[in-house]
Amino acid sequence: MVPWYWSVEKQPESVVTLLFEVSLPHLPLHLERRIHLDRADPSVLRIQERVTNAGHESIPIEWGQHIAFGAPFLSEACTFEVPALPQGENAWSGRDADGRDLRRVLGPDAHTEDFGIFEGFSDGWYRIINHVLNVGVDVKWDVALLLCLWLWPEFQRSSGHPFYGWCYVMGLEPCSTNTHAGIAESVRHHTPCSTA
């Protein structure tokens, strides 16, 4: 809930790089995010991030990318591919109780929600495609840093703040930890987390 400061970094003429940075008010952490767009290949957006600890004590952190897809791209015409098996306490089976393949996205009237964590990546990537619009997105990341992929489809199910039953969105989020119970739980159970 703090503002990020941004600037345009000088790069070769074909590349545009935006730098976003912020120092946290209650922790001695400085965050930087660089977003690169190369005019030679405008279909690729590259993001680099860095956390710097200005203090003299290590601080456990969880790190993830809050990537979410919504309409009109997201629809029942979408499928997604993930090169990993769901595992662990919060494992998502990939199928519902009736055996339906949940990798095929439901429409906004499904009124359902779910949560799962994919682990066991040898290569960090996923692909989501809308077969009617003939548009897709490939997301790639470093599995040495972000070990898991969190999945949370929110299809007009959750009531109250902030969704109020109207939200149609699906998150596919590379993350450093295999639990969504918070940093204290990650530290307690020695689940993967980073130290700044």
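What you are looking at is a predicted structure, and each value in this text was computed from that prediction instead of being measured. Heavy atoms only: backbone and side chains are in, while hydrogens, waters and symmetry mates are out.
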Test side chain to side chain donor-acceptor pair (under 3.5 Å) applied to His131 - qualifying residues, sequence neighbours left out: Thr79
Gap separating the CH2 atom of Trp141 from the OG atom of Ser176, nearest 0.5 angstrom: 13.0 Å
Verify same cluster id: Ile47, Val16 (apolar side-chain graph, 4.5 Å): no
Spacing of CD belonging to Glu32 relative to CD belonging to Gln48, to within rounding of 0.5 Å: 10.5 Å
CG on Leu133 to SG on Cys78, rounded to 0.5 Å: 7.5 Å
Expected output: side-chain Asn130 to main-chain Phe73 donor-acceptor under 3.5 Å: yes
Any Cys148 side-chain heavy atom under 4.5 Å of Glu173 side chain: no
More than 12 heavy atoms from other groups under 6.0 Å of CG on Asn134: no
Side chains of Phe69 and Val105 in contact at under 4.5 Å (non-hydrogen atoms): no
Heavy-atom closest pair, residues Glu76 and Gly107: OE1-CA, 3.3 Å
Within one Ile-Leu-Val-Met-Phe-Trp-Tyr cluster: Val51 and Leu19, side-chain cutoff 4.5 Å: no
Flag side-chain contact, heavy atom, 4.5 Å: Thr177 against Trp150: yes
Atom of Ile67, atom of Pro174 and distance for their closest heavy-atom approach: CD1-CD, 4.1 Å
Hphob cluster co-occupancy, Val137 + Met170, side-chain heavy atoms under 4.5 angstrom: yes
Contact summary for Leu172 and Tyr126, nearest pair of heavy atoms: O-OH, 2.8 Å
Non-hydrogen side-chain atoms of Glu119 and Leu147 separated by less than 4.5 Å: no
Close side-chain approach of Ile61 and Leu29, heavy atoms under 4.5 Å: yes
Nearest non-hydrogen partners of Leu149 and Phe121, listed with the distance: CB-CZ, 3.6 Å
Gap between atom CH2 of Trp152 and atom CD1 of Ile117 - 0.5 Å precision: 14.0 Å
Atom of Ile35, atom of Phe20 and distance for their closest heavy-atom approach: CD1-CE1, 3.8 Å
Leu106 with Val82, same ILVMFWY side-chain cluster at under 4.5 Å: yes
Validation row: Phe80, Val139 side chains within 4.5 angstrom (heavy atoms): no
Heavy-atom pair of closest approach, residues Trp125 and Glu81: CH2-OE1, 3.9 Å
CH2/Trp4: more than 12 non-hydrogen atoms of other groups inside 6.0 Å: yes
Spatial distance of atom NE2 (His30) from atom CZ (Arg50) [nearest 0.5 Å]: 8.0 Å
Contact check, side chains of Arg33 and Leu18, non-hydrogen atoms, under 4.5 Å: no
Min side-chain heavy-atom separation Asp38-Val44 under 4.5 Å: no
Single-linkage hydrophobic cluster, 4.5 Å side-chain cutoff, Val2 and Tyr5 together: no
Separation of Glu9 CD from His36 NE2 (nearest 0.5 Å): 7.5 Å
